[in-house]
Amino acid sequence: MKPIEKAIKTHALTKGEIITLLNIQDASLLYEAADRVRRESVGDGVHLRGLIEISTVCKQNCLYCGLRRDNKKIFRSRMTPKEIINHAQAAAKAGYMTIVLQGGEEDGFGADKMAGVIKGIKRLGLAVTLSLGEKSFEEYSLYRQAGADRYLLRIETTDKTLYEKLDPGMSFENRLRCLKDLGRLGYEVGSGFMVGLPGQSVDSIADDILFLKALPAHMAGIGPFIANPDTPLANCGKDNFDLSLKAMAVIRLLMPNINIPATTAMETLRPDGRFTALKSGANVIMPNVGGDMSEYYRLYPGKAKAGEVKEYRAELEKKLKAIGRFIDEGPGISKAYIAEDKK
Ligand code: SAM
Ligand code: SF4
C-alpha cells in the first residue's frame with residue numbers, strides 16, 4: 001500500500017514512509033488527504049484562540065529567537081496584570097472563547113501574580129492556554145489549580161545535540177520533563193517543532209513527527225524557521241514553507257483528532273499561508289488580540305499582523321465561509337484530549 005493510503009486507513013507510518021512523504025515534489029495528494037482526514041475527524045469548524053503576547057523579556061538565549069536575552073535591539077516590555085485582563089475582556093466581547101498567554105521565559109511576573117491573572121481570565125468564562133516556557137512542576141501545578149486548561153511547549157527539535165546547540169544553557173531532558181509534568185497535571189498539552197533549522201535533516205523531522213504521536217500531543221504547532229537578522233542565525237535563511245506544510249499534513253494523517261494551528265510563521269512566509277494551512281490539515285487560528293505589544297514581540301522579521309480584534313474576526317468569518325469553513329463557537333477542546341479522558 002502507498003504511504004498516503006496506508007496513513008488514511010491506519011494512521012500509522014514507519015519513519016521511512018514519513019521521509020518519503022516529506023521528500024515528495026508535488027504534495028497536492030498529501031494535502032488533499034490531510035484535508036479529508038481533518039474534515040472526517042474534527043469537522044469544518046475552525047477554533048479561534050486570542051493570542052496575548054504578555055512579555056518580550058526572556059532569560060533564555062535560543063539562537064533562533066529575536067527575544068533571546070543577548071539581543072540588544074529589541075524593546076523589552078511586560079504587560080501589567082490589568083492590561084492582560086483588559087485585552088482578554090475585549091477578546092471575550094468580540095466572541096473569543098480561548099485566550100493564549102505567550103511570552104519570553106522569565107520570572108518577572110511572579111508565580112502568584114500570574115495565578116491571579118489566570119483566575120481573572122477564567123472568571124470571564126474563557127479557556128486559558130499558557131505558553132511561557134519551562135517551569136518547575138510546582139509552578140505548572142499552581143497555574144493548573146488557578147484554572148489554566150492548556151499549555152504549549154514546543155520540543156523545537158528532537159535532535160538532542162542540535163537542541164542543546166541552538167538553545168544554549170537549556171537541557172533536552174528538562175524539556176522532556178516539562179512536557180511529562182504538563183501531561184501528569186492534566187493539561188491539554190500542545191507541542192511542536194520548527195522546520196528548517198540549520199543542521200536539521202528531513203530524517204530528524206520524521207523523528208519529531210513520531211515524537212508528537214508518542215507523547216501524545218493533543219495539539220501540534222509546526223512552524224517554518226524564519227531567520228532573524230538580530231540573532232546568530234541571521235544568515236541561515238531559506239524558505240521552509242513547503243516542508244513545514246508537508247510535515248503538518250503528515251501529522252494530521254497520523255493524529256487525526258488533535259488540534260493543529262495554522263501558524264503565524266506560515267502566514268508570514270505566504271500572503272495566504274494560514275488559509276493554505278487550513279486547507280492542508282489545520283483547524284485552529286491564533287489571531288493576536290494583545291494590542292501594541294505585538295509590535296515589539298519580534299521573534300522573526302515580517303511577522304504577520306491581525307489588525308483590530310473585532311474587524312479581524314468579521315473578516316475571517318467571511319474568508320472561512322468562502323472555503324466552506326466556519327468559526328467554531330465552542331471552547332475548542334482537543335478531541336484527542338477528550339478521548340484520552342474517557343479511557
Ligand atoms: N518562551 C516560550 C518558549 O520558548 O516556549 C514561548 C514563546 S516562544 C517565542 C514561542 C515559539 O516561537 C518557540 O517555541 C519557537 O518555536 C518559535 N520561534 C522562535 N523563534 C523563531 C524563528 N526565528 N522562526 C520561527 N519560529 C520561531
Ligand atoms: Fe525565550 Fe522562548 Fe525565544 Fe527561547 S524561544 S529565546 S525561551 S522566547
Side-chain angles (χ1 to χ4, degrees), residues 11 38 41-42 47-52 97-103 105 111 114-115 118 121-122 126-158 160 163 167 170-195 205 207-223 247-248 250-263 281-286 330-343:
H11 306 303
R38 185 269 311 150
S41 310
V42 295
H47 304 295
L48 293 194
R49 319 285 199 211
L51 175 66
I52 305 179
M97 296 294 292
T98 298
I99 290 299
V100 181
L101 303 183
Q102 191 178 76
E105 196 175 305
M114 182 51 69
I118 295 165
I121 300 177
K122 290 301 287 183
L126 301 172
V128 175
T129 303
L130 303 176
S131 177
L132 303 172
E134 297 181 7
K135 308 281 177 198
S136 65
F137 179 86
E138 289 70 29
E139 200 166 333
Y140 286 144
S141 175
L142 178 71
Y143 297 159
R144 182 83 181 123
Q145 281 164 32
D149 303 274
R150 307 170 186 146
Y151 206 102
L152 309 180
L153 186 76
R154 287 184 177 176
I155 192 70
E156 315 293 9
T157 168
T158 52
K160 176 178 153 61
Y163 177 87
D167 296 19
M170 296 172 83
S171 96
F172 187 69
E173 273 73 30
N174 196 48
R175 200 77 174 173
L176 290 179
R177 190 273 303 160
C178 288
L179 285 167
K180 286 213 177 96
D181 283 355
L182 293 166
R184 273 173 59 200
L185 287 163
Y187 280 94
E188 235 181 287
V189 178
S191 192
F193 53 87
M194 277 175 285
V195 171
I205 295 171
D207 283 333
D208 298 346
I209 293 173
L210 289 169
F211 169 83
L212 294 183
K213 186 163 168 66
L215 194 59
H218 306 119
M219 185 273 214
I222 312 305
M248 192 200 78
V250 172
I251 288 171
R252 173 57 76 199
L253 296 182
L254 298 186
M255 306 176 74
N257 60 356
I258 64 167
N259 281 332
I260 301 183
T263 53
N283 70 324
V284 174
I285 301 188
M286 291 169 45
I333 303 170
S334 164
K335 286 198 172 177
Y337 180 77
I338 296 170
E340 227 171 67
D341 212 36
K342 284 183 184 151
K343 270 185 200 164

Determine yes or no for a side-chain-to-main-chain donor-acceptor pair under 3.5 angstrom, with [X] supplying the side chain and [Y] the backbone.
{"X": "Tyr187", "Y": "Thr129", "value": "no"}
{"X": "Arg144", "Y": "Gly186", "value": "yes"}
{"X": "Arg175", "Y": "Arg154", "value": "yes"}
{"X": "Tyr337", "Y": "Ile258", "value": "no"}
{"X": "Asn283", "Y": "Val42", "value": "no"}
{"X": "His11", "Y": "Met255", "value": "no"}

Indicate yes or no: at least one non-hydrogen side-chain atom of [X] is less than 4.5 angstrom from one of [Y].
{"X": "Met248", "Y": "Thr263", "value": "no"}
{"X": "His47", "Y": "Met219", "value": "no"}
{"X": "Phe193", "Y": "Leu212", "value": "yes"}

For a quick test of reading the model, state the closest non-hydrogen atom pair linking [X] to [Y] and the distance between them.
{"X": "Glu134", "Y": "Leu153", "answer": "N-CD1, 4.2 Å"}
{"X": "Ile333", "Y": "Glu188", "answer": "CG2-OE1, 3.5 Å"}
{"X": "Phe172", "Y": "Thr157", "answer": "CE1-O, 3.4 Å"}

Test side chain to side chain contact (heavy atoms under 4.5 Å, CB included) applied to Asn259 and Arg49, step by step: CA-CA 12 Å; Asn259 281 332; Arg49 319 285 199 211; 3.2 Å; yes
Donor + acceptor pair across side chains of Thr98, Arg150 (<3.5 Å):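 Distance-only check passes for Thr98 and Arg150.
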Full working for side chain to side chain contact (heavy atoms under 4.5 Å, CB included) between Cys178 and Tyr151: CA-CA 10 Å; Cys178 288; Tyr151 206 102; over 6 Å; no
